[in-house]
Amino acid sequence: MRRRHTTTRLLAIAALALPVILPATPAAATTPTAPARHLSDVIPAPVETHPDAHNTFRITPLTVIRTTPGSAAAWHVGHQLATTLRPATGHPLPVLPVRSTPLPEIALLIGGADDRIGQQGYQLDVTRRGVTIRANTPAGLFAGTQTLRQLLPAEIEAPERQRTTWTVPGGRIIDYPRFAYRGAMLDLARHFHTVDDITAYVDLLSQYKINYLHLHLTDDQGWRIQIDSWPRLTTVGGGPGTGVDGVGPGYLTKADYKAVVAYAAARHITIIPEIDMPGHTNAAQSTYPELNCDGVAPPPRTDIAVGYSSLCINDELTYRFVEDVIRELAAITPGPFLHIGGDEAHATTDEDYRTFMNRVLPLVAKYGKRASGWNEITQADLPTDAVAQFWGTGTTNASLAAAAARGNKIIMSPANKAYLDMKYDANTRLGLRWAGLIEVSDAYGWDPATRVTGVGENAILGVEAPLWSETLRTLDDIEYMAFPRLPAIAELGWSTTASHDWESFRTRLGEQAPRWRLQQVDFYPSPQVPWI
Ligand code: TNX
(Lines give C-alpha, C1' and ligand atoms only; values in the text may rest on other atoms or scores of the structure.)
Protein backbone atom coordinates (compact mmCIF):
# COMPACT_ATOMS: atom_id res chain seq x y z
CA MET A 1 0.00 0.00 0.00
CA ARG A 2 1.18 3.41 -0.78
CA ARG A 3 0.36 6.84 0.46
CA ARG A 4 -0.95 9.14 -2.25
CA HIS A 5 1.67 11.53 -3.50
CA THR A 6 1.77 14.91 -1.80
CA THR A 7 0.87 16.75 -5.01
CA THR A 8 -2.57 15.22 -4.75
CA ARG A 9 -3.20 16.83 -1.39
CA LEU A 10 -4.42 20.23 -2.31
CA LEU A 11 -3.47 22.74 0.29
CA ALA A 12 -5.75 25.73 0.19
CA ILE A 13 -3.17 28.35 0.83
CA ALA A 14 -3.93 31.95 0.08
CA ALA A 15 -0.69 32.64 -1.69
CA LEU A 16 -1.74 35.52 -3.89
CA ALA A 17 -1.03 38.13 -1.26
CA LEU A 18 2.44 38.46 0.21
CA PRO A 19 2.12 36.59 3.47
CA VAL A 20 3.95 37.49 6.59
CA ILE A 21 7.16 35.72 5.83
CA LEU A 22 8.37 34.20 9.00
CA PRO A 23 10.37 31.05 9.29
CA ALA A 24 8.01 28.17 9.97
CA THR A 25 10.73 26.56 12.01
CA PRO A 26 13.28 28.59 13.94
CA ALA A 27 16.13 29.06 11.47
CA ALA A 28 18.95 27.04 12.88
CA ALA A 29 22.51 27.50 11.79
CA THR A 30 23.06 23.97 12.98
CA THR A 31 20.55 22.29 10.68
CA PRO A 32 22.12 19.50 8.68
CA THR A 33 22.59 19.94 4.96
CA ALA A 34 21.22 17.14 2.84
CA PRO A 35 23.79 15.69 0.44
CA ALA A 36 24.21 17.81 -2.66
CA ARG A 37 22.94 16.49 -5.95
CA HIS A 38 24.62 17.10 -9.28
CA LEU A 39 23.04 18.95 -12.16
CA SER A 40 23.21 15.85 -14.35
CA ASP A 41 21.65 13.47 -11.80
CA VAL A 42 18.33 13.53 -13.60
CA ILE A 43 16.15 11.00 -15.44
CA PRO A 44 15.54 11.46 -18.33
CA ALA A 45 19.06 12.80 -19.00
CA PRO A 46 18.87 16.50 -19.95
CA VAL A 47 20.20 17.62 -23.32
CA GLU A 48 22.78 20.04 -21.89
CA THR A 49 24.01 20.63 -18.36
CA HIS A 50 26.54 23.32 -17.42
CA PRO A 51 27.36 22.94 -13.71
CA ASP A 52 28.63 25.92 -11.76
CA ALA A 53 29.78 24.75 -8.34
CA HIS A 54 30.11 28.29 -6.98
CA ASN A 55 26.52 29.15 -7.52
CA THR A 56 24.38 26.79 -5.47
CA PHE A 57 21.02 28.03 -4.25
CA ARG A 58 19.50 27.39 -0.84
CA ILE A 59 15.79 27.18 -0.27
CA THR A 60 15.09 29.04 2.96
CA PRO A 61 12.06 30.28 4.87
CA LEU A 62 12.29 33.47 2.79
CA THR A 63 12.14 31.78 -0.61
CA VAL A 64 9.17 32.66 -2.80
CA ILE A 65 7.90 31.04 -5.97
CA ARG A 66 7.38 33.75 -8.58
CA THR A 67 5.42 33.13 -11.79
CA THR A 68 4.84 35.15 -14.97
CA PRO A 69 2.11 37.69 -14.18
CA GLY A 70 -1.11 37.05 -16.06
CA SER A 71 -0.44 33.36 -16.67
CA ALA A 72 -2.86 31.28 -14.63
CA ALA A 73 -1.22 28.15 -16.02
CA ALA A 74 2.23 29.24 -14.83
CA TRP A 75 0.78 30.07 -11.41
CA HIS A 76 -0.77 26.60 -11.33
CA VAL A 77 2.62 24.98 -12.03
CA GLY A 78 4.08 27.12 -9.25
CA HIS A 79 1.33 26.07 -6.90
CA GLN A 80 1.97 22.39 -7.68
CA LEU A 81 5.68 22.86 -7.00
CA ALA A 82 4.93 24.63 -3.72
CA THR A 83 2.56 21.82 -2.70
CA THR A 84 5.32 19.30 -3.33
CA LEU A 85 8.03 21.23 -1.46
CA ARG A 86 6.14 22.64 1.50
CA PRO A 87 5.55 19.54 3.62
CA ALA A 88 9.20 18.57 4.01
CA THR A 89 10.74 22.03 3.99
CA GLY A 90 8.21 23.50 6.36
CA HIS A 91 8.72 26.76 4.47
CA PRO A 92 5.73 28.82 3.34
CA LEU A 93 6.90 29.15 -0.30
CA PRO A 94 4.18 31.59 -1.36
CA VAL A 95 3.37 31.61 -5.08
CA LEU A 96 3.38 35.16 -6.39
CA PRO A 97 2.38 36.14 -9.93
CA VAL A 98 4.57 39.26 -9.95
CA ARG A 99 7.29 40.82 -12.10
CA SER A 100 9.98 41.00 -9.45
CA THR A 101 10.73 40.46 -5.79
CA PRO A 102 13.69 41.36 -3.64
CA LEU A 103 13.55 37.88 -2.13
CA PRO A 104 15.34 34.68 -3.06
CA GLU A 105 13.07 33.03 -5.55
CA ILE A 106 12.18 30.10 -7.71
CA ALA A 107 10.90 31.88 -10.83
CA LEU A 108 8.70 30.10 -13.38
CA LEU A 109 8.59 32.26 -16.47
CA ILE A 110 6.93 31.90 -19.85
CA GLY A 111 9.27 33.02 -22.67
CA GLY A 112 12.82 34.25 -22.89
CA ALA A 113 14.54 30.88 -23.10
CA ASP A 114 17.01 29.28 -25.50
CA ASP A 115 15.47 28.87 -28.98
CA ARG A 116 15.93 25.13 -29.06
CA ILE A 117 13.56 24.25 -26.24
CA GLY A 118 10.41 24.25 -28.40
CA GLN A 119 6.96 23.48 -27.01
CA GLN A 120 7.91 20.95 -24.34
CA GLY A 121 11.41 21.93 -23.23
CA TYR A 122 12.71 24.36 -20.64
CA GLN A 123 15.80 26.20 -19.54
CA LEU A 124 16.77 26.03 -15.87
CA ASP A 125 19.28 28.42 -14.31
CA VAL A 126 20.51 28.13 -10.75
CA THR A 127 22.43 30.99 -9.14
CA ARG A 128 22.89 32.12 -5.56
CA ARG A 129 19.88 34.44 -5.94
CA GLY A 130 17.52 31.80 -7.12
CA VAL A 131 16.30 29.24 -9.58
CA THR A 132 14.80 30.42 -12.86
CA ILE A 133 12.88 28.04 -15.11
CA ARG A 134 11.92 29.46 -18.49
CA ALA A 135 9.73 27.74 -21.07
CA ASN A 136 7.48 28.60 -23.99
CA THR A 137 4.53 26.67 -22.56
CA PRO A 138 3.12 25.59 -19.18
CA ALA A 139 4.03 22.01 -20.17
CA GLY A 140 7.65 23.08 -20.51
CA LEU A 141 7.56 24.83 -17.15
CA PHE A 142 6.08 21.73 -15.58
CA ALA A 143 8.85 19.59 -17.10
CA GLY A 144 11.39 22.00 -15.62
CA THR A 145 9.86 21.66 -12.16
CA GLN A 146 10.12 17.88 -12.41
CA THR A 147 13.84 18.29 -13.10
CA LEU A 148 14.11 20.67 -10.13
CA ARG A 149 12.50 18.07 -7.84
CA GLN A 150 15.19 15.58 -8.84
CA LEU A 151 17.94 18.15 -8.23
CA LEU A 152 16.79 18.48 -4.65
CA PRO A 153 17.55 15.81 -2.07
CA ALA A 154 15.14 12.89 -2.02
CA GLU A 155 14.05 13.95 1.46
CA ILE A 156 12.22 16.84 -0.17
CA GLU A 157 9.50 14.24 -0.83
CA ALA A 158 9.15 13.40 2.86
CA PRO A 159 5.77 13.96 4.43
CA GLU A 160 7.01 15.71 7.56
CA ARG A 161 9.17 18.75 7.74
CA GLN A 162 12.84 18.14 8.34
CA ARG A 163 15.35 20.60 9.71
CA THR A 164 17.49 20.54 6.65
CA THR A 165 19.04 23.06 4.35
CA TRP A 166 17.72 22.39 0.90
CA THR A 167 20.38 23.05 -1.71
CA VAL A 168 20.02 23.17 -5.50
CA PRO A 169 23.26 22.66 -7.46
CA GLY A 170 24.31 25.72 -9.49
CA GLY A 171 24.49 26.03 -13.26
CA ARG A 172 22.30 25.83 -16.35
CA ILE A 173 20.25 23.08 -17.98
CA ILE A 174 18.86 23.35 -21.49
CA ASP A 175 16.49 20.51 -22.14
CA TYR A 176 13.89 19.39 -24.67
CA PRO A 177 12.58 16.01 -25.86
CA ARG A 178 13.84 13.87 -28.70
CA PHE A 179 10.27 12.67 -29.40
CA ALA A 180 7.03 14.60 -28.93
CA TYR A 181 5.23 11.49 -27.63
CA ARG A 182 6.30 9.64 -24.50
CA GLY A 183 3.57 7.32 -23.39
CA ALA A 184 2.51 4.71 -20.89
CA MET A 185 -0.46 2.35 -21.14
CA LEU A 186 -2.57 0.80 -18.43
CA ASP A 187 -4.92 -2.15 -19.05
CA LEU A 188 -8.17 -1.66 -17.12
CA ALA A 189 -9.92 -4.56 -18.83
CA ARG A 190 -8.14 -7.66 -17.48
CA HIS A 191 -8.27 -6.27 -13.96
CA PHE A 192 -9.98 -2.97 -13.32
CA HIS A 193 -7.88 -0.21 -11.75
CA THR A 194 -9.62 2.52 -9.77
CA VAL A 195 -9.47 6.28 -10.30
CA ASP A 196 -7.17 6.52 -7.27
CA ASP A 197 -4.78 3.96 -8.73
CA ILE A 198 -4.77 5.60 -12.16
CA THR A 199 -4.13 9.06 -10.72
CA ALA A 200 -1.38 7.70 -8.45
CA TYR A 201 0.24 6.24 -11.59
CA VAL A 202 -0.16 9.62 -13.32
CA ASP A 203 1.79 11.25 -10.47
CA LEU A 204 4.64 8.80 -10.99
CA LEU A 205 4.61 9.12 -14.79
CA SER A 206 4.71 12.90 -14.68
CA GLN A 207 7.96 12.83 -12.70
CA TYR A 208 9.68 11.26 -15.72
CA LYS A 209 8.20 13.62 -18.36
CA ILE A 210 5.75 11.06 -19.73
CA ASN A 211 3.08 13.09 -21.54
CA TYR A 212 0.50 10.52 -22.72
CA LEU A 213 -1.43 7.85 -20.81
CA HIS A 214 -3.21 5.32 -23.01
CA LEU A 215 -6.06 3.51 -21.23
CA HIS A 216 -6.96 0.06 -22.60
CA LEU A 217 -10.64 0.26 -21.64
CA THR A 218 -12.19 -2.82 -23.21
CA ASP A 219 -11.23 -6.40 -23.87
CA ASP A 220 -12.59 -9.94 -23.80
CA GLN A 221 -12.66 -10.02 -19.98
CA GLY A 222 -14.27 -6.66 -19.26
CA TRP A 223 -15.72 -3.37 -20.50
CA ARG A 224 -14.60 -0.46 -18.31
CA ILE A 225 -16.13 2.76 -19.65
CA GLN A 226 -19.72 3.97 -19.37
CA ILE A 227 -21.54 4.24 -22.71
CA ASP A 228 -25.05 5.62 -22.22
CA SER A 229 -26.55 4.20 -25.40
CA TRP A 230 -25.41 0.66 -24.47
CA PRO A 231 -25.80 0.74 -20.68
CA ARG A 232 -25.24 -2.95 -19.93
CA LEU A 233 -21.67 -2.76 -21.31
CA THR A 234 -20.57 -1.59 -17.88
CA THR A 235 -23.17 -2.99 -15.49
CA VAL A 236 -22.86 -6.46 -17.02
CA GLY A 237 -19.68 -6.32 -19.14
CA GLY A 238 -17.79 -4.58 -16.34
CA GLY A 239 -19.87 -5.91 -13.48
CA PRO A 240 -19.35 -8.53 -10.77
CA GLY A 241 -17.43 -11.58 -11.91
CA THR A 242 -15.61 -9.81 -14.77
CA GLY A 243 -11.86 -9.65 -15.22
CA VAL A 244 -9.26 -12.40 -15.19
CA ASP A 245 -10.38 -15.18 -12.83
CA GLY A 246 -13.53 -13.11 -12.27
CA VAL A 247 -11.76 -10.94 -9.71
CA GLY A 248 -11.29 -7.67 -11.58
CA PRO A 249 -14.72 -6.04 -11.76
CA GLY A 250 -15.40 -2.34 -12.08
CA TYR A 251 -15.68 0.46 -14.57
CA LEU A 252 -15.19 4.19 -15.00
CA THR A 253 -18.35 6.26 -15.11
CA LYS A 254 -18.13 9.21 -17.46
CA ALA A 255 -17.61 11.40 -14.40
CA ASP A 256 -14.72 9.17 -13.28
CA TYR A 257 -13.19 9.30 -16.74
CA LYS A 258 -13.47 13.09 -16.87
CA ALA A 259 -11.84 13.29 -13.44
CA VAL A 260 -8.92 11.16 -14.69
CA VAL A 261 -8.62 13.31 -17.83
CA ALA A 262 -8.56 16.51 -15.75
CA TYR A 263 -6.12 15.13 -13.18
CA ALA A 264 -3.76 14.02 -15.94
CA ALA A 265 -4.13 17.31 -17.84
CA ALA A 266 -3.10 19.21 -14.73
CA ARG A 267 0.15 17.20 -14.91
CA HIS A 268 0.49 17.79 -18.66
CA ILE A 269 -0.49 14.23 -19.53
CA THR A 270 -3.03 13.59 -22.28
CA ILE A 271 -5.36 10.59 -21.94
CA ILE A 272 -5.81 8.33 -24.98
CA PRO A 273 -8.82 6.01 -24.65
CA GLU A 274 -8.72 2.64 -26.42
CA ILE A 275 -11.69 0.60 -27.51
CA ASP A 276 -10.23 -2.61 -28.91
CA MET A 277 -11.94 -3.95 -32.07
CA PRO A 278 -12.87 -5.95 -34.10
CA GLY A 279 -11.31 -8.61 -31.81
CA HIS A 280 -10.87 -8.53 -28.02
CA THR A 281 -14.62 -7.86 -27.84
CA ASN A 282 -16.04 -10.78 -25.86
CA ALA A 283 -17.19 -8.60 -22.95
CA ALA A 284 -19.43 -6.59 -25.30
CA GLN A 285 -20.58 -9.64 -27.26
CA SER A 286 -21.43 -11.69 -24.20
CA THR A 287 -23.48 -8.75 -22.91
CA TYR A 288 -25.38 -7.95 -26.12
CA PRO A 289 -26.37 -11.04 -28.17
CA GLU A 290 -27.19 -8.84 -31.17
CA LEU A 291 -23.48 -8.05 -31.57
CA ASN A 292 -22.91 -11.66 -32.68
CA CYS A 293 -23.49 -12.91 -36.24
CA ASP A 294 -25.62 -15.79 -34.92
CA GLY A 295 -27.45 -13.61 -32.40
CA VAL A 296 -26.28 -15.83 -29.56
CA ALA A 297 -24.28 -14.34 -26.69
CA PRO A 298 -21.12 -16.31 -25.90
CA PRO A 299 -20.36 -16.93 -22.23
CA PRO A 300 -18.30 -14.32 -20.38
CA ARG A 301 -14.58 -15.10 -20.36
CA THR A 302 -12.21 -14.82 -17.42
CA ASP A 303 -9.20 -16.67 -18.88
CA ILE A 304 -6.30 -14.96 -20.63
CA ALA A 305 -6.60 -16.48 -24.11
CA VAL A 306 -6.57 -14.04 -27.04
CA GLY A 307 -7.75 -13.99 -30.65
CA TYR A 308 -11.12 -15.80 -30.45
CA SER A 309 -13.66 -12.97 -30.55
CA SER A 310 -14.80 -10.83 -33.49
CA LEU A 311 -17.54 -8.31 -34.04
CA CYS A 312 -19.91 -9.23 -36.88
CA ILE A 313 -18.34 -7.48 -39.86
CA ASN A 314 -21.26 -7.57 -42.31
CA ASP A 315 -24.00 -6.46 -39.94
CA GLU A 316 -25.03 -2.80 -39.93
CA LEU A 317 -25.80 -3.00 -36.21
CA THR A 318 -22.07 -3.46 -35.58
CA TYR A 319 -21.36 -0.04 -37.09
CA ARG A 320 -24.20 1.59 -35.18
CA PHE A 321 -22.66 0.17 -32.01
CA VAL A 322 -19.15 1.29 -32.93
CA GLU A 323 -20.34 4.76 -33.91
CA ASP A 324 -22.27 5.16 -30.65
CA VAL A 325 -19.18 4.21 -28.66
CA ILE A 326 -16.83 6.45 -30.64
CA ARG A 327 -19.25 9.38 -30.50
CA GLU A 328 -19.75 9.15 -26.74
CA LEU A 329 -16.07 8.59 -26.02
CA ALA A 330 -14.89 11.39 -28.33
CA ALA A 331 -17.27 13.77 -26.55
CA ILE A 332 -15.52 13.26 -23.21
CA THR A 333 -11.97 13.10 -24.59
CA PRO A 334 -10.27 16.47 -25.08
CA GLY A 335 -7.04 14.92 -26.37
CA PRO A 336 -6.50 14.43 -30.12
CA PHE A 337 -6.28 10.63 -30.23
CA LEU A 338 -8.79 7.79 -30.10
CA HIS A 339 -7.21 4.32 -30.16
CA ILE A 340 -9.21 1.63 -31.94
CA GLY A 341 -7.06 -1.36 -31.02
CA GLY A 342 -7.06 -3.71 -33.99
CA ASP A 343 -4.59 -6.26 -32.57
CA GLU A 344 -4.82 -10.04 -32.70
CA ALA A 345 -8.07 -10.17 -34.67
CA HIS A 346 -7.43 -13.84 -35.44
CA ALA A 347 -11.14 -14.65 -35.60
CA THR A 348 -11.66 -12.06 -38.37
CA THR A 349 -10.56 -12.82 -41.95
CA ASP A 350 -8.03 -10.44 -43.52
CA GLU A 351 -10.65 -9.21 -45.95
CA ASP A 352 -13.19 -8.62 -43.17
CA TYR A 353 -10.53 -6.85 -41.10
CA ARG A 354 -9.88 -4.37 -43.90
CA THR A 355 -13.61 -3.92 -44.53
CA PHE A 356 -14.15 -3.21 -40.85
CA MET A 357 -11.25 -0.79 -40.38
CA ASN A 358 -12.04 1.05 -43.60
CA ARG A 359 -15.49 1.78 -42.17
CA VAL A 360 -14.37 2.58 -38.64
CA LEU A 361 -11.39 4.85 -39.40
CA PRO A 362 -13.66 7.53 -40.98
CA LEU A 363 -15.91 7.38 -37.91
CA VAL A 364 -12.99 8.43 -35.72
CA ALA A 365 -12.41 11.42 -38.01
CA LYS A 366 -16.15 12.18 -38.09
CA TYR A 367 -16.03 12.82 -34.35
CA GLY A 368 -12.95 15.00 -34.60
CA LYS A 369 -10.31 12.54 -33.47
CA ARG A 370 -7.09 11.19 -34.88
CA ALA A 371 -7.04 7.38 -35.01
CA SER A 372 -4.33 5.30 -33.47
CA GLY A 373 -4.18 1.53 -33.40
CA TRP A 374 -1.89 -1.44 -32.92
CA ASN A 375 0.42 -2.13 -35.87
CA GLU A 376 -2.10 -4.47 -37.57
CA ILE A 377 -4.13 -1.41 -38.62
CA THR A 378 -1.49 -0.66 -41.23
CA GLN A 379 -3.23 -3.40 -43.26
CA ALA A 380 -6.20 -1.06 -43.71
CA ASP A 381 -6.31 2.13 -45.81
CA LEU A 382 -5.01 4.53 -43.22
CA PRO A 383 -5.56 8.26 -43.39
CA THR A 384 -2.12 9.88 -43.19
CA ASP A 385 -2.79 11.34 -39.75
CA ALA A 386 -3.42 7.85 -38.29
CA VAL A 387 -0.78 6.51 -35.91
CA ALA A 388 0.30 2.87 -35.72
CA GLN A 389 1.72 1.44 -32.53
CA PHE A 390 4.37 -1.24 -33.10
CA TRP A 391 4.21 -4.06 -30.55
CA GLY A 392 6.16 -6.77 -32.37
CA THR A 393 9.26 -8.51 -31.14
CA GLY A 394 11.11 -8.57 -34.46
CA THR A 395 12.99 -5.96 -36.46
CA THR A 396 11.04 -6.12 -39.71
CA ASN A 397 7.40 -5.40 -40.49
CA ALA A 398 6.72 -4.68 -44.16
CA SER A 399 3.26 -3.26 -43.66
CA LEU A 400 4.48 -0.93 -40.89
CA ALA A 401 7.43 0.25 -42.99
CA ALA A 402 5.07 0.89 -45.92
CA ALA A 403 2.81 2.99 -43.69
CA ALA A 404 5.84 4.94 -42.47
CA ALA A 405 6.88 5.51 -46.08
CA ARG A 406 3.40 6.86 -46.81
CA GLY A 407 3.83 9.37 -43.98
CA ASN A 408 2.01 7.70 -41.08
CA LYS A 409 3.62 8.26 -37.70
CA ILE A 410 4.68 5.30 -35.59
CA ILE A 411 4.77 4.76 -31.83
CA MET A 412 7.37 2.23 -30.74
CA SER A 413 6.36 -0.34 -28.11
CA PRO A 414 8.38 -3.43 -29.02
CA ALA A 415 7.02 -6.12 -26.69
CA ASN A 416 10.43 -7.62 -25.91
CA LYS A 417 11.77 -4.22 -24.78
CA ALA A 418 8.95 -1.89 -23.76
CA TYR A 419 6.29 -4.23 -22.31
CA LEU A 420 6.19 -3.58 -18.59
CA ASP A 421 4.12 -6.74 -18.01
CA MET A 422 6.96 -9.06 -19.01
CA LYS A 423 8.77 -10.69 -16.10
CA TYR A 424 12.20 -9.29 -15.17
CA ASP A 425 13.63 -12.75 -14.69
CA ALA A 426 12.35 -16.29 -14.32
CA ASN A 427 11.59 -15.71 -10.63
CA THR A 428 9.42 -12.61 -11.01
CA ARG A 429 6.18 -13.35 -9.17
CA LEU A 430 4.02 -11.22 -11.49
CA GLY A 431 3.85 -10.84 -15.22
CA LEU A 432 3.95 -12.89 -18.40
CA ARG A 433 6.90 -14.07 -20.48
CA TRP A 434 5.66 -14.65 -24.02
CA ALA A 435 7.84 -11.80 -25.37
CA GLY A 436 10.81 -12.73 -23.20
CA LEU A 437 12.30 -11.72 -19.87
CA ILE A 438 13.05 -8.00 -19.68
CA GLU A 439 15.68 -6.86 -17.21
CA VAL A 440 16.35 -3.14 -16.80
CA SER A 441 19.29 -3.23 -19.22
CA ASP A 442 17.03 -4.81 -21.86
CA ALA A 443 14.35 -2.16 -21.40
CA TYR A 444 17.04 0.53 -21.76
CA GLY A 445 19.17 -1.16 -24.43
CA TRP A 446 17.55 -0.29 -27.74
CA ASP A 447 17.04 2.67 -30.01
CA PRO A 448 13.50 3.48 -31.18
CA ALA A 449 14.81 4.82 -34.50
CA THR A 450 16.80 1.73 -35.50
CA ARG A 451 14.51 -0.99 -34.18
CA VAL A 452 12.42 -1.72 -37.27
CA THR A 453 13.80 -1.58 -40.80
CA GLY A 454 12.27 1.32 -42.71
CA VAL A 455 10.95 3.05 -39.59
CA GLY A 456 13.51 5.75 -38.84
CA GLU A 457 13.75 8.82 -36.63
CA ASN A 458 11.45 10.98 -38.77
CA ALA A 459 8.67 8.38 -38.90
CA ILE A 460 8.60 8.02 -35.15
CA LEU A 461 6.18 10.00 -33.04
CA GLY A 462 7.59 8.49 -29.88
CA VAL A 463 7.68 5.54 -27.52
CA GLU A 464 5.16 3.94 -25.19
CA ALA A 465 5.48 1.45 -22.34
CA PRO A 466 2.32 -0.72 -22.17
CA LEU A 467 1.35 -2.46 -18.94
CA TRP A 468 -1.11 -5.31 -19.48
CA SER A 469 -2.97 -6.43 -16.38
CA GLU A 470 -3.58 -10.17 -16.75
CA THR A 471 -1.51 -10.76 -13.58
CA LEU A 472 -1.78 -7.33 -11.97
CA ARG A 473 -4.46 -6.30 -9.52
CA THR A 474 -3.17 -3.65 -7.13
CA LEU A 475 -1.27 -0.39 -7.37
CA ASP A 476 1.67 -2.18 -5.74
CA ASP A 477 1.59 -4.70 -8.61
CA ILE A 478 1.58 -1.87 -11.15
CA GLU A 479 4.48 -0.12 -9.42
CA TYR A 480 6.53 -3.29 -9.18
CA MET A 481 6.37 -3.92 -12.92
CA ALA A 482 6.73 -0.26 -13.97
CA PHE A 483 9.65 0.64 -11.69
CA PRO A 484 12.41 0.79 -12.64
CA ARG A 485 11.68 0.01 -16.30
CA LEU A 486 9.32 2.90 -16.94
CA PRO A 487 12.09 5.50 -16.36
CA ALA A 488 14.20 3.59 -18.91
CA ILE A 489 11.52 3.97 -21.59
CA ALA A 490 10.97 7.60 -20.54
CA GLU A 491 14.67 8.29 -21.10
CA LEU A 492 14.61 6.62 -24.54
CA GLY A 493 11.74 8.91 -25.48
CA TRP A 494 13.20 12.16 -24.13
CA SER A 495 16.99 12.06 -24.18
CA THR A 496 19.40 12.29 -27.10
CA THR A 497 21.07 9.19 -28.56
CA ALA A 498 24.40 10.87 -27.75
CA SER A 499 23.58 10.73 -24.03
CA HIS A 500 22.53 7.07 -24.14
CA ASP A 501 24.81 5.30 -21.70
CA TRP A 502 23.96 2.30 -19.53
CA GLU A 503 26.55 3.03 -16.83
CA SER A 504 25.31 6.57 -16.43
CA PHE A 505 21.68 5.47 -16.53
CA ARG A 506 21.98 2.72 -13.94
CA THR A 507 23.83 5.08 -11.59
CA ARG A 508 21.17 7.75 -11.94
CA LEU A 509 18.48 5.08 -11.53
CA GLY A 510 20.06 3.89 -8.29
CA GLU A 511 19.85 7.44 -6.97
CA GLN A 512 16.08 7.43 -7.45
CA ALA A 513 15.60 4.72 -4.82
CA PRO A 514 15.42 6.99 -1.73
CA ARG A 515 12.76 9.05 -3.49
CA TRP A 516 10.74 5.94 -4.35
CA ARG A 517 11.03 4.65 -0.79
CA LEU A 518 9.67 7.95 0.53
CA GLN A 519 6.89 7.88 -2.05
CA GLN A 520 6.24 4.25 -1.10
CA VAL A 521 6.72 3.06 -4.65
CA ASP A 522 6.96 -0.72 -4.56
CA PHE A 523 9.83 -1.01 -7.08
CA TYR A 524 11.76 -4.10 -8.21
CA PRO A 525 15.27 -3.90 -6.74
CA SER A 526 17.05 -5.11 -9.86
CA PRO A 527 20.50 -6.59 -9.20
CA GLN A 528 21.73 -4.64 -12.24
CA VAL A 529 21.34 -1.31 -10.47
CA PRO A 530 23.56 0.20 -7.72
CA TRP A 531 20.71 1.23 -5.41
CA ILE A 532 21.57 3.75 -2.74
C1 TNX B 1 -0.66 -9.11 -26.43
S2 TNX B 1 0.10 -6.54 -27.32
C3 TNX B 1 -1.78 -8.30 -26.47
C4 TNX B 1 -2.61 -8.16 -25.29
C5 TNX B 1 -2.06 -8.93 -24.13
C6 TNX B 1 -0.57 -8.81 -24.10
C7 TNX B 1 0.06 -9.44 -22.91
C8 TNX B 1 -1.27 -6.52 -27.89
C9 TNX B 1 -1.56 -5.46 -28.82
N10 TNX B 1 -2.11 -7.50 -27.52
O11 TNX B 1 -3.94 -8.55 -25.56
O12 TNX B 1 -2.62 -8.42 -22.96
O13 TNX B 1 -0.06 -9.40 -25.26
O14 TNX B 1 1.42 -9.17 -22.84
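Reckoned from all heavy atoms, side chains included, excluding hydrogens, waters and symmetry mates. Counting starts at 1 for both ligands and their atoms, following the listed order.
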Give the numbers and elements of all ligand 1 atoms closer than 4.0 Å to a heavy atom of [X].
X: Leu432; result: 7 (C), 14 (O)
X: Asp421; result: 7 (C), 14 (O)
X: Met422; result: 14 (O)
X: Arg190; result: 4 (C), 5 (C), 11 (O), 12 (O)

For [atom], which protein heavy atom lies nearest, and how many Å away is it?
atom: atom 9 (C) of ligand 1; value: Asp343 OD2, 3.1 Å
atom: atom 5 (C) of ligand 1; value: Glu470 OE2, 3.3 Å
atom: atom 2 (S) of ligand 1; value: Tyr419 OH, 2.4 Å
atom: atom 3 (C) of ligand 1; value: Glu344 OE1, 3.3 Å

**Request:** Kindly compute the distance separating OG1 (Thr199) from CG (Leu205), expressed to the nearest 0.5 Å.
**Result:**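 One gets 11.0 Å once the value is rounded to the nearest 0.5 Å.
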
**Message:** My understanding is that only one of Val463, Ile410, Val455 makes a side-chain contact (heavy atoms from CB on, under 4.5 Å) with Pro448; could you say which?
**Reply:**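 Answer to the side-chain contact (heavy atoms from CB on, under 4.5 Å) test with Pro448 among Val463, Ile410, Val455: Val463.
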
**Request:** Tell me yes or no: between the side chains of Trp391 and Asp343, is some donor less than 3.5 Å from an acceptor?
**Result:**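 The answer is no; no qualifying pair exists.
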
**Message:** Under a plain distance cut-off of 3.5 Å, with no hydrogens placed, do Tyr480 and Asp522 share a side-chain donor-acceptor pair?
**Reply:**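 No pair is found: no donor N or O on one side chain lies under 3.5 Å from an acceptor on the other.
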
**Request:** Please determine which of His280, His214, His216 meets the ring-ring contact (aromatic ring centres under 6.0 Å, His included) test together with Trp374.
**Result:**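 With Trp374 as partner, ring-ring contact (aromatic ring centres under 6.0 Å, His included) holds for just one option, His214.
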
**Asked** With a 4.0 Å cut-off on heavy atoms, is Gln389 touching ligand 1?
**Response**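 Contact absent.
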
**Prompt:** Which of these, Arg485, Glu479, Glu439, sits in a side-chain hydrogen bond (donor to acceptor under 3.5 Å, both in side chains) with Tyr524?
**Reply:**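 Between Tyr524 and the candidates, side-chain hydrogen bond (donor to acceptor under 3.5 Å, both in side chains) is satisfied uniquely by Glu439.
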
**Asked** Glu491 pairs by side-chain hydrogen bond (donor to acceptor under 3.5 Å, both in side chains) with which of Arg508, His500, Lys209, Arg178?
**Response**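 Answer after filtering Arg508, His500, Lys209, Arg178: Arg508.
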
**Prompt:** When you measure from atom 13 (O) of ligand 1 to each heavy atom in Trp391, Trp468, Trp434, which option holds the nearest one?
**Reply:**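 Looking at heavy atoms only, Trp434 sits closest to atom 13 (O) of ligand 1.
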
